[in-house]
There are 2 protein chains.
Amino acid sequence: MSNPAPSGGDLSRLRQLNSLAAIRVLRGAEPLTLSVLAERTGLSRPSTKDVMDELVGLGWVEEVAPVAGTMGRPARRYRFRADGGHVVGVDIGAHKVLAALADLDGNILAETRHTVDPDTPTDARLDAIDKAIAGCLSLAGLTRRDLWAVTAGTTGLVDPEGRVALSTAIRNWSGVDLAGRLSEMFPCTVLVENDSKLAALAEWQRGVAQGAKDVLFLHAGRRTGAGLIVDGKLHRGFAGSAGEISLLPLSRWADGSALLDGSPVVPTGIPPQDAARYVLSAARDGDPAAMESVERYVEVLALGAAMMVLTVDPELVILGGSFSRAADILLPPLRRRLAEVCMRPPELRVSTLGDECVVLGGIGYAIHHLDGRLFGVEGGLPTPLPQHADAMLTSGAPL
Amino acid sequence: MSNPAPSGGDLSRLRQLNSLAAIRVLRGAEPLTLSVLAERTGLSRPSTKDVMDELVGLGWVEEVAPVAGTMGRPARRYRFRADGGHVVGVDIGAHKVLAALADLDGNILAETRHTVDPDTPTDARLDAIDKAIAGCLSLAGLTRRDLWAVTAGTTGLVDPEGRVALSTAIRNWSGVDLAGRLSEMFPCTVLVENDSKLAALAEWQRGVAQGAKDVLFLHAGRRTGAGLIVDGKLHRGFAGSAGEISLLPLSRWADGSALLDGSPVVPTGIPPQDAARYVLSAARDGDPAAMESVERYVEVLALGAAMMVLTVDPELVILGGSFSRAADILLPPLRRRLAEVCMRPPELRVSTLGDECVVLGGIGYAIHHLDGRLFGVEGGLPTPLPQHADAMLTSGAPL
DNA sequence: GGCATTTACGAAGGAGCCCATCATTAGTAG
DNA sequence: CTACTAATGATGGGCTCCTTCGTAAATGCC
């Protein structure tokens, strides 16, 4: 069925495999001793030492001072050099541009936010992106030559080439070759993805969906969207439009949030971005008309969710987006409606990552992409490792 | 994101990898010479020879007579011993039980069909399954000890433990522990899966969906169902109910076919199993009322398909099931309706495997499952190979 | 039939990677 | 200062792979 294709090969391939296994053990963990490392990789101690020597030489790993106070001879300790490279995640929304810079372990080092509005012209928006990332870099004392990858998450449909195929939330955004424009700005790998998909990824990598095989992420906010993790992988779909239920008029997802912020309960004078919050709050306080609006909104949300849940049968559904702060009143009816149509309804959880979700997902996506080149078994033998390592050691600028 | 986990290890692991690579090259192909084998596996000739010696010793591969008439010294030729083991696929429908026996390459060696009806009691139905498989075995001159795996495909929802969670088409079928009952009958691996899922798998493995990454298979027949291939793998879902759109009343899939065989066009006296065919045929001849019925049916089919297509965004949709014989009149309106809601509509193709679809999928599923144990990188080092090989060599009966 | 050509086989030598073992070293505890 | 502990570093051996070379078994031409 799938093609695992370890494909065998050379002796050096074995070493490569073992090096990668070591990196994988080391990454994201505190510094480890050779003994522990040997145990976790399954290698013998001498071999582990060989591997570490090599990785230290390549710059992937560094030795740290041994810890004192233990019995016996102090053990060497090694750590993954997460600071060997950096990635950026950008969330391009209708009203804001949020950028975050992280090291190769995904630790956030800097974050900046710029305000825009839906009518901001494309060039100005791209400029805001540039400024946001530049801000992160200067906060962290880095230059754009230190970047290994940039992931942009944006509202709207993103095609496989990284162009915005369709965006209703941002004016004139449809058709922008975002990957192309960003590539001109940054001399590194540029990835573009739909924001809900990145949010799903973030929840899966470091949020409430960790460890789940299949996950549906619902973005409930001024837009309604979804992202899917299938079999432990972000599912994009052939045209990158997986989860774009809103294209089906029957789903009423396209203007689903209007049921909230267009509710008759909203008094005049409330700014549109606060309307939904007002209704949700009123519903919580027992206002019957507000409850009615919420009910209708959840019905729409649940219908689309049900379509996707029945299609994919995930074990977990995550409610995210700005409305998820009102999960206490959204979750019960949503759960009820899903239970009506599912043989075994998926567990329902609320996103905890807040509005950093998308940038976190972008960072994770970028790192995963780099990993793919590292851990990739694709070519069989050719070692992707020296590419990075070379760049890291010689110029300091990768790729 | 995913966890490829080759996890490195021993030298023997490398040999194992290379052995598996060799098997993979050999399997399903005509006998190959060492030179070709060496080229395709990427190994040197001497190493390839070593690997082949080992595999011949284990019984996975055998040498065949060299081919004459070529220049130079005749080269040894090796072939995968597909006859080293056998698997069975069974299609358990409401009206029939169809079984097929195949070798490890998936070549069909025998096939038998038994007629049942929806009211056949469970024990009698299981007996029909037993007889169908026994028939295949005796046709091929084998015993059930020669079977390595049996896959049963059945209408209805199949839970992860191989029980029938829900079946509307077969009386008293819900709740039957099919995997358990079959395990009592056959001393080998028993797998149970929904029939539409297996059909999807078959189309992907050897039908019109080969090579596609994501595929939606539509079963259009007396029941309406679906199967999904996601990222080159059969997607089951957490409870095994992926694609069970019919649980959503709005989809109207549960009684979708009634729009055809319950059409007012059908004259009295036509047996129910021929009614749909009559309507489709009448529609082809231009009968306006029949065309109207077909139109309504396609509308329902398309709605469910659209839900799943928008969720998964597959590159390919396959129309299968008995109604697919009338693809000429079903496909155009289906295509039109999908095009209305998709940014980039998936390609639409008609199944070519006919009613053997499910057994073929079952056979493929069984072989894949065995492969998983063979090629599986799961444990890291422990070699699954000797298990089979031992059994093969000593008793002739595996597992 | 004999000889050149072609193609594959098999053996030998060498390199890389991993492992087990053991003496040695650098700490802590008393 | 000595005993104990735990990790280090070096040695030797085994396995798998590779390259190279002489040999073997066919065909095709004379």
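Since the model is a prediction, treat every value here as computed from it, not as a measurement. Keep in mind that the numbers below use all heavy atoms, side chains included, and drop hydrogens, waters and symmetry copies. Every chain is numbered from 1, with letters handed out A, B, ... down the list of sequences.
Toward the 5' end of DNA chain C, the nearer of the two residues Thr70(A) and Lys49(B), judged by each one's closest nucleotide, is Lys49(B). Position along DNA chain D of the nearest nucleotide to Met71(B) versus Thr48(B) favours Thr48(B) as the more 5'-ward residue.
Nucleotide dG14(D) holds its C1' atom 13 Å from the CG atom of Leu11(A), rounded to whole Å. The separation between Arg13(B) atom CZ and dG14(D) atom P is 24 Å, rounded to whole Å. Distance CD (Glu54(B)) to C1' (dC15(D)): 12 Å, rounded to an integer number of Å. The distance between atom CZ of Arg15(B) and atom P of dC18(D), rounded to the nearest whole Å, is 10 Å. Going from atom CE of Met52(A) over to atom C1' of dA7(D) covers 15 Å, rounded to whole Å. Atom P of nucleotide dC15(D) and atom CG of Asn18(B) are separated by 17 Å, given to the nearest angstrom. Between Leu32(B) atom CG and dT7(C) atom P there is a gap of 18 Å when expressed in whole angstrom units. The OH atom of Tyr78(A) sits 7 Å away from the P atom of dT8(D) (whole-angstrom rounding).
A salt bridge links Glu62(B) to Arg79(B): at least one charged side-chain nitrogen sits closer than 4.0 Å to a carboxylate oxygen. Taking the charged nitrogens against the carboxylate oxygens, Glu63(B) and Arg77(B) have no contact shorter than 4.0 Å, which rules out a salt bridge.
With Gln210(B) contributing its side chain and Arg206(B) its backbone, the two residues share a donor-acceptor pair below 3.5 Å. With hydrogens and angles ignored, the 3.5 Å screen pairs no side-chain donor or acceptor of Thr189(A) with any backbone N or O of Ala149(A).
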Inset, instruction - Check the pair Thr48(A) / Thr41(A) against side-chain contact (heavy atoms from CB on, under 4.5 Å), numbers first and verdict last. - result: CA-CA 8 Å; Thr48(A) 310; Thr41(A) 56; 4.3 Å; yes

Legend entry - Step-by-step side-chain contact (heavy atoms from CB on, under 4.5 Å) determination, Leu191(A) to Val150(A): CA-CA 6 Å; Leu191(A) 306 165; Val150(A) 171; over 6 Å; no

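Annotation: the span from Cys136(A) atom SG to Ile108(A) atom CD1 amounts to 9.0 Å, rounded to 0.5 Å.
Across all strands, Arg76(B) comes closer than 4.0 Å only to sugar-phosphate atoms, never to a base (heavy-atom distances). When heavy atoms are screened at a 4.0 angstrom cut-off, Thr33(A) is found touching no nucleic acid atom at all. Contact annotation for Pro46(B): base contact, defined as any heavy-atom pair under 4.0 Å involving a base atom.
Between Ser44(A) and dA20(C) there is no side-chain polar atom (N or O) within less than 4.0 angstrom of OP1 or OP2.
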Using a cut-off of under 3.5 Å, enumerate the N/O to N/O pairs linking the protein to nucleotides 24-26 of chain C.
residue : atom : partner  : partner atom : Å
dT25(C) : O4'  : Arg73(A) : NH1          : 3.4
dT25(C) : O2   : Arg73(A) : NH1          : 3.3

